[in-house]
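So the structure is just underneath, and the comments pick up after that.
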Amino acid sequence: MPEQLTLVDAVRTAIARAMEDDDNVIVLGEDVGAIGGVFRATDGLSSRFGTDRVLDTPISESLFVGLAVGLAAEGFRPIVEYQFMGFLYPGLDQLANHAGRMRNRTRGRLTCPIVVRAPYGGGVRAPEHHSESFEAMLAHIPGIRVVIPSSPAKAYGLLLAAIRDPDPVVFLEPKRLYRSSREDVVDDGASLPLDRCDTLRTGDDLTLVTWGASTLETLAAADRLAADGIDADVIDVVTIKPLDMTTILASVERTGRCVIVHEAPRTGGVGAEIAAVLADEGLTSLLAPVGRVTGYDTVIPMFGLEPHYQPTEQRVLDVARRALEFA
Amino acid sequence: MPEQLTLVDAVRTAIARAMEDDDNVIVLGEDVGAIGGVFRATDGLSSRFGTDRVLDTPISESLFVGLAVGLAAEGFRPIVEYQFMGFLYPGLDQLANHAGRMRNRTRGRLTCPIVVRAPYGGGVRAPEHHSESFEAMLAHIPGIRVVIPSSPAKAYGLLLAAIRDPDPVVFLEPKRLYRSSREDVVDDGASLPLDRCDTLRTGDDLTLVTWGASTLETLAAADRLAADGIDADVIDVVTIKPLDMTTILASVERTGRCVIVHEAPRTGGVGAEIAAVLADEGLTSLLAPVGRVTGYDTVIPMFGLEPHYQPTEQRVLDVARRALEFA
Amino acid sequence: MHDTVVRDHVLTFHVPTRGFDGPGGAAGTDSLATDQGELIGMYRAMVLTRTFDAKAVALQRTGRIGTFASSLGQEAVAVGIGAAMAAGDVLVPSFREQGAMLLRGVEPAELFLYWGGDERGSDFATPRHDFPICVPIGTQAAHATGVALAMQLRADRRVSVCALGDGATSRGDVYESMNYAGVRRLPIVFVVNNNQWAISVPRARQSAAETLAQKAIAAGFPGEQVDGNDVIAVRAVTSEAIERARDGGGPTLVEAITYRLADHTTADDASRYRSDEEVSARWKDEPVARLRDRLVDAGHWGKEQEQQLLEECAAVIEAAVTAYESRAPLAPASMFDHLYAELPASYRAQRSEVVARGGADA
Amino acid sequence: MHDTVVRDHVLTFHVPTRGFDGPGGAAGTDSLATDQGELIGMYRAMVLTRTFDAKAVALQRTGRIGTFASSLGQEAVAVGIGAAMAAGDVLVPSFREQGAMLLRGVEPAELFLYWGGDERGSDFATPRHDFPICVPIGTQAAHATGVALAMQLRADRRVSVCALGDGATSRGDVYESMNYAGVRRLPIVFVVNNNQWAISVPRARQSAAETLAQKAIAAGFPGEQVDGNDVIAVRAVTSEAIERARDGGGPTLVEAITYRLADHTTADDASRYRSDEEVSARWKDEPVARLRDRLVDAGHWGKEQEQQLLEECAAVIEAAVTAYESRAPLAPASMFDHLYAELPASYRAQRSEVVARGGADA
Ligand SMILES: Cc1ncc(C[n+]2csc(CCOP(=O)(O)OP(=O)(O)O)c2C)c(N)n1
Ligand SMILES: Cc1ncc(C[n+]2csc(CCOP(=O)(O)OP(=O)(O)O)c2C)c(N)n1
Ligand SMILES: [Mg+2]
Ligand SMILES: [Mg+2]
C-alpha cells in the first residue's frame with residue numbers, strides 16, 4: 001500500500017527497488033555509503049546491499065562518469081551520484097566524449113546504461129557553488145537523456161525508468177523539493193515514460209511550461225490567475241531531453257499564449273529551445289509573445305540575494321498577465 | 001599597408017601584435033612553442049618572444065583555464081590554446097566555477113582577463129572528436145564572452161579586442177576557414193567590437209542568421225536566391241555572448257522572415273536563443289515560422305558521413321524557400 | 001621469464017616526517033627559548049581562530065549565517081602556514097584556513113559576511129592579492145599554480161601557497177597542477193591539511209598511498225610530512241619550503257597531519273561515521289592546549305595572560321559580529337555590477353527589472 | 001628551526017628497470033631457448049603491424065583514409081602487451097596500439113575503416129569486449145578502471161589492461177583512475193607507452209618525475225620500467241603484472257621505454273622539432289630488427305622465412321585494403337540508428353530528412 005514519502009525518500013526507494021530487481025545495479029559516489037549521501041538519498045543502502053554495491057569513492061569528479069562507462073560496458077548498471085550539480089562540470093568531458101557516444105561509435109557493440117544523479121538548483125541557503133542549474137548544457141549533448149522530477153511519485157517512477165533505460169541518463173533532483181512535501185508513493189516497481197511532459201493542471205487561456213522546483217511558483221501563479229477566472233495549462237516538462245514538444249505545441253494551439261519558467265540563466269536555457277520550436281512549428285497558434293521567466297544572466301548570487309534571482313510567483317504572474325493582455 | 005592573410009595568419013598576427021603592445025600577454029598550450037601549434041596559429045612566436053612568453057604545457061586540459069585564472073589575478077593576460085574544441089570539456093569547470101565568477105564573487109577585487117582559443121567545427125576530414133561545435137554550452141555560462149570570427153580581418157580585430165578585454169573570452173576559430181581564403185588585413189592594432197553582429201549583405205525579403213564557417217553555405221544560398229531576385233539580409237552573429245539581438249530584431253522587422261544556420265546540433269543550440277527572442281520581442285514582425293538549418297541532434301559522425309550532417313547550401317535554400325513561400 | 005632480467009637499476013625516494021615527539025619535547029623547549037614572542041603570537045592567533053569558529057557555529061545555529069566549516073583542532077596548520085608566509089606571498093586557500101586568513105589580515109567580519117551568503121565577504125581589505133575561499137575541492141590548486149607561474153615569470157621572489165585537504169589530493173586538477181609546477185620548478189608550496197576525513201570518507205579510503213606527501217614523487221619534487229598539531233613544526237617545515245621556493249628551489253608538498261575535531265560542517269553529523277572514542281582520543285593532542293602547556297612549562301604563560309587573551313578574543317569577535325550584522329544589505333542589482341567590467345547593453349533590461357522589483361539600485 | 005626536528009621517519013620507495021642489456025644479451029638467448037615458437041609468433045605480429053602501418057600511411061597519402069598514427073618503432077610494446085593478455089582480459093587502448101589490437105583479433109580492414117572515418121571500424125568482430133581506439137588523451141583510463149572494478153565485483157579473474165602514452169600521464173583523469181585503482185586494489189595494469197614525445201613536447205617537459213613509472217607511488221601501487229624495444233621483456237613484465245592482478249595483487253604501472261620513429265601522425269612533420277641525428281640513432285635499437293637478429297643468431301630464423309613472412313604480411317594487408325575499399329558505404333541515416341537503443345519519436349523527422357536528402361535508408 002502507498003506510503004507518504006518525500007522526494008528524497010522516493011529517490012532512495014526507487015534505487016533500493018532497482019537494486020533488489022537487478023544485481024547489476026550499483027551505486028557510486030562521495031559519501032554515499034556510511035552516511036547515505038549528504039542528502040541521505042542512499043541512506044541505509046550500504047548496510048542493506050553491502051559495500052560492494054554501494055561504493056564510497058574518492059573526490060574524483062573527472063573519473064566518475066568514465067568509471068561508469070567502463071562498468072556499463074561490462075554489464076553493470078551504475079548509478080553515480082555527484083554531490084551537487086556545481087561539481088558535475090568535470091563529468092561533462094566523459095558525458096559528451098564517451099557516454100553519449102559509445103553506442104553510436106561502436107554501432108551498438110558497447111552500450112552505456114548509466115545514471116548520473118545530482119541534486120540541483122537553489123533556494124536552500126546553501127554555500128557558494130551549491131545552487132547551479134545548467135540542465136541546458138546537458139540537453140545539448142547528443143546521445144544522453146536528461147530528466148528532472150518535480151514530485152516524490154515522479155522521482156520514483158522516473159528514476160526507475162532511468163536505471164532500466166539502456167542509455168545514459170542524467171537525473172537532476174531539485175534539492176529545494178527534497179523535503180518540502182510528502183505524497184503517496186506505491187513501491188510497485190512501476191516506471192514512468194522518459195519522453196513525455198506531464199500536464200499538472202489544465203486550462204484554455206494560457207500555457208505555463210516549467211520543470212523542477214519552479215513548478216511550485218508556477219502552480220501558485222496559476223492558482224492566483226484561476227481566482228481571477230483565468231485557467232492555465234501548467235506543463236511539467238519532466239524530460240528535458242528528449243523534449244516532448246508534441247504536448248506543448250498541442251497546448252499552445254489551444255491557448256495561443258505561452259510563458260516558460262525556469263531557474264537557470266535565461267540565455268541559452270532550455271526555455272529557449274521550447275520557445276524556438278514555438279516560433280517555428282507553433283507560430284500560427286501564437287496570439288502573444290512567448291514569455292520567459294528565468295534566473296537572470298548573472299552568476300547565481302550567494303544565498304543573500306538568491307531570492308532576487310530566482311523566478312517568483314509574482315514574476316510569473318506579471319509575465320503571464322502581459323501575455324494574456326496582449327492583443 | 002594591407003597584407004593578404006588567411007584566417008590562421010590573422011590569428012597569429014593579432015597575437016603577435018598584442019604581445020608587442022603588452023608584455024603581460026603570454027601564450028600557453030600544447031605544442032604552441034616549437035611547432036607553433038598543430039595549425040601553426042602561434043608559428044614563430046616562441047622564437048620571436050621567447051619561451052617565457054610562449055609556453056608549451058603538458059597535456060592537462062583541466063589545468064589550463066585555472067592556470068590562466070591565477071596568471072590573470074597577478075596581472076598577466078594569458079591566451080590559452082586548447083588544441084581542438086573537443087578537448088575543451090575539461091576546461092568548463094574552471095570557466096563556469098571560476099573564470100566567469102572571479103570578478104563578481106570578489107566584487108572586482110580579482111579579475112580575469114583571459115582568452116581561451118580553440119579551433120572549432122568540422123569539415124576537414126579530421127579524426128574522431130576533432131569536429132565539435134558546442135558554443136551553446138559556453139554561451140550559457142555567465143560572466144564570459146564567446147566570439148567566433150568568420151574571416152581573416154574579423155579574426156584579427158576580434159582577437160585583439162578579446163585579448164584587451166578585461167574579462168574572460170572564449171575565442172572559437174572555425175578550422176574549416178583557417179586556410180580556405182585570404183583577404184587584406186591591415187596590422188594596425190585596430191580592434192573590433194565584442195558586442196555586435198556584422199551584416200554581410202543586405203536585403204528586405206529574408207533574414208539569414210549564422211556565424212563561423214556556416215557563413216559560406218549561407219552566403220552561397222543568398223546568392224542563389226538573389227539570382228531569383230530575392231534579397232536576403234545575411235547576418236554574421238560574431239559575438240555569440242553577449243548576443244546582439246538589436247541588429248537581428250531590426251532586420252527581421254524589415255524582412256518578417258528568418259532562418260538561422262549553424263553547425264552544432266539543433267536542440268539547445270545558439271539558434272534556439274535567437275529564435276526564442278524572435279518569438280518574444282520579434283513576434284509581431286514574424287510573417288513566417290523561424291527556420292533552423294543545423295547539425296542534427298546526433299553525435300557528429302566520423303568524417304565519412306560528415307557531409308550529410310552539416311548544413312549545406314541546398315538545405316539552407318530549402319528552408320529559406322519555405323519561409324519565403326509561407327503566407 | 002625472470003631469466004630475461006639482466007638489468008635492474010633501482011631508483012629510490014624518501015618521504016620524511018618531522019615534528020616533536022610529543023608534548024614537552026626537549027627540542028620544543030629549545031625553540032621556545034629562541035623566539036617566545038613569535039610563539040606567543042602564534043598562540044594568540046590559534047586562540048582567536050578557535051574563538052571565531054565557535055562563534056560562527058553559534059551564528060549558524062541561530063540562522064544568522066549559513067552552513068559553516070569549523071577548523072576546530074586544526075588551528076596549528078592554518079596558523080603555521082600564515083606565520084611562515086611573507087606579506088607579499090599569495091595564499092590560495094580552501095575553505096578551512098580561516099586561521100591563516102585572519103593572521104594575514106582578513107577581518108573576522110569579512111569572513112562572517114562570506115558565510116552569511118554575501119559576496120562582499122571575498123572583497124577583503126587585506127591582503128588584496130590573496131585568493132578568496134574556494135569551495136569546489138581542489139580547483140584552487142590550478143589558480144595557485146598560475147599565481148606561481150606569474151611570480152616566476154616576473155622573478156619577483158614571491159611564493160604561492162596553496163592549502164588543500166586530504167580529500168582534495170584525489171582530484172585530477174590538483175595532480176595536473178602539481179605536475180606542471182614540477183615541470184617549471186615553480187615557486188609554490190602545496191600544504192595538504194590532512195585532517196583524516198573528507199566528510200565521511202576516511203583518509204585510508206581516499207588513497208592507497210601510505211602518505212599523501214609521496215604524491216609529490218609523481219610530480220618530481222620533494223614531499224614531506226609534518227605533525228600538524230605542532231604549530232612550531234608546521235611553521236618551520238612550511239617556511240623552509242617557502243624559502244626554498246623563493247630561492248628558485250622549486251615546489252614542495254607538505255602534508256600536515258592533524259585531525260578534524262568538529263563535524264565536517266554545521267550541516268554534518270560526524271557521529272554517523274566515527275565514534276566518540278576516536279574523537280576524544282584525538283582531543284588529547286589538540287594543538288592549542290599543547291602549545292599552551294609548553295608555554296606554561298617554560299614559564300612564558302600563566303593564568304592571567306590566558307584570561308586576558310580569552311577576553312580580548314571574545315571582544316574582537318563580538319565586535320566583528322556587530323560589524324557584520326550592521327552592514328547595509330547588499331543591493332540586489334549589484335548582481336549585475338561585477339559581472340563584467342562594463343555591463344553589456346543586452347543586460348540592462350534585466351538589471352532594470354531587478355531594480356524595479358525593489359532591488360534598490362546599487 | 002631545524003632544532004625542532006626530533007623525529008624523522010623516512011619512507012622509501014623503489015622503481016626498478018628491466019630488460020636486456022642490449023642486442024644478443026645472454027639472457028635473451030636463454031629465453032630464446034625456452035620458447036622459440038612464441039618468440040616467432042611475436043616476431044610475426046610485429047612485422048604484420050609494421051606492414052599495416054606502412055600501408056596505412058600510404059593510404060593516407062593518397063587520400064584513401066584520413067589522418068593516421070603509425071606505431072613504427074613501438075611495435076614491441078603493443079605486441080608485448082597483446083602477447084601477455086588472456087583472451088578474456090580487456091584491452092582499453094589509446095590510438096597507437098594497433099599491434100595489440102591485431103594480435104587480439106581485430107581485422108586490419110576494420111582498422112582501415114576506423115581511420116577511414118567509418119564508425120563500423122570500432123564494431124570489430126573480435127574481441128567484442130575490448131574497447132575501441134580512444135582519441136581524447138587519457139580518457140580511456142577511466143573506462144579501464146571501470147572495467148577492472150566490474151571484474152573485481154564479479155570476481156571473475158579477468159584483468160583490464162590500459163595503454164596510454166607518456167603525454168597522457170599528465171592528464172588528471174589518468175591520475176584519478178590510478179588513485180582509485182589503488183584504493184580498491186583493482187585487477188588492472190596501466191602500460192605507459194613512453195615513446196619520448198607527445199607530438200612536439202619531449203618527455204622531459206611532460207613531467208619532472210625522473211621516471212613515469214614512479215607516478216604509481218602517488219597511487220600506492222608498484223611501478224616499474226621496462227625496455228620497450230625488447231618484446232620479450234615487455235611481455236615478461238606485463239604478464240607478471242597481469243597475473244599478479246589476476247591473483248588479487250592489485251594494479252601495476254608499467255612504463256615501456258621506446259621511441260616514436262614515425263611522425264606523430266600523417267598530419268605532423270617531426271623534422272620541425274627533432275633532428276635526423278636523434279631519429280637515426282634510435283633506428284639502431286628498433287625492436288623488429290633487434291628480435292630478428294636474435295632469432296637469426298640463435299639459428300631459429302633465416303632468409304627464406306623472412307622472405308616468406310614479408311610476402312604473407314603484404315598479402316594479408318593487401319587483402320584487407322581490398323576488403324576495406326569494397327565495403328558498401330555507410331548509410332547516412334545510420335547516424336540516427338545507434339544514437340539510442342530506440343530512436344525517440346522527436347528524432348524521427350530529422351532522420352527522415354536525411355533519408356529524403358539521399359541518405360539511402362539504413
Ligand atoms: C569538487 C567538489 N566535490 C565535492 C564537494 C563537496 N565537499 C565539500 S567538502 C568535501 C570534503 C573535502 O575533504 P578534504 O579535501 O579532506 O577537506 P576537509 O573538508 O577535510 O577540510 C566535499 C566532498 C565540493 N565542495 N567540491
Ligand atoms: C585530451 C586531448 N588533448 C589533446 C589531444 C591532441 N593530441 C593527440 S595525440 C597528442 C599527444 C599524445 O602524446 P602521448 O600521450 O605521448 O601519446 P603518443 O601520441 O606519443 O602515442 C595530443 C596532444 C587529444 N587527442 N586529446
Ligand atoms: Mg580532510
Ligand atoms: Mg608519446
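Each chain gets a letter, A, B and so on, in the order the sequences are listed, and its residues count up from 1.
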For a 4.5 angstrom cut-off between non-hydrogen side-chain atoms, does B:His140 reach A:Pro265?
yes
Identified side-chain contact (heavy atoms from CB on, under 4.5 Å) counterpart of A:Leu283 within the set B:Val290, B:Leu287, B:Leu286, B:Leu278:
B:Leu286
Name the member of B:Pro142, B:Gly271, B:Ala275 that forms the most heavy-atom pairs with chain A at distances under 4.5 Å.
B:Pro142
Chain B contact via A:Glu132 - side chain, backbone, both or neither, heavy atoms under 4.5 Å:
side chain
Side chain, backbone, both or neither of B:Tyr296 within contact of chain A (heavy atoms, under 4.5 Å)
neither
Smallest heavy-atom separation, A:Asp93 atom then B:Tyr89 atom, equals CA-CB, 3.4 Å
Can A:Met137 and B:Leu92 be said to form a side chain to side chain contact (heavy atoms under 4.5 Å, CB included), step by step?
CA-CA 11 Å; A:Met137 290 173 78; B:Leu92 293 175; 4.2 Å; yes
Partners passing ring pair (Phe, Tyr, Trp, His ring centres under 6.0 Å) against A:Tyr309 (at least two apart in sequence or in another chain):
none
If we only count heavy atoms from C-beta on, is the A:Arg292 to B:Asp280 side-chain gap below 4.5 Å?
no
Side chain / backbone / both / neither for A:Ile141 at chain B, heavy atoms under 4.5 Å
side chain
Mind ranking B:Gly291, B:Ala288, B:Ala272, B:Gly143 by heavy-atom pairs under 4.5 Å with chain A and telling me who comes out on top?
B:Ala272
Structural part of A:Asn97 lying under 4.5 Å from a heavy atom of chain B:
both
Looking at every non-hydrogen atom in both residues, tell me the closest pair between B:Val299 and A:Arg101 and how far apart they are.
CG1-NE, 3.6 Å
Does A:Phe171 have any ring pair (Phe, Tyr, Trp, His ring centres under 6.0 Å) partners at least two apart in sequence or in another chain, and if so, which?
none
Would you mind telling me which of B:Glu128, B:Gln94, B:Arg266 has the largest number of heavy-atom pairs within less than 4.5 Å of chain A?
B:Glu128
Contacting moiety of A:Thr267, where chain B heavy atoms sit under 4.5 Å:
both
Closest-packed option against chain B by number of heavy-atom pairs under 4.5 Å, given A:Gly269, A:Ser62, A:Ala139:
A:Gly269
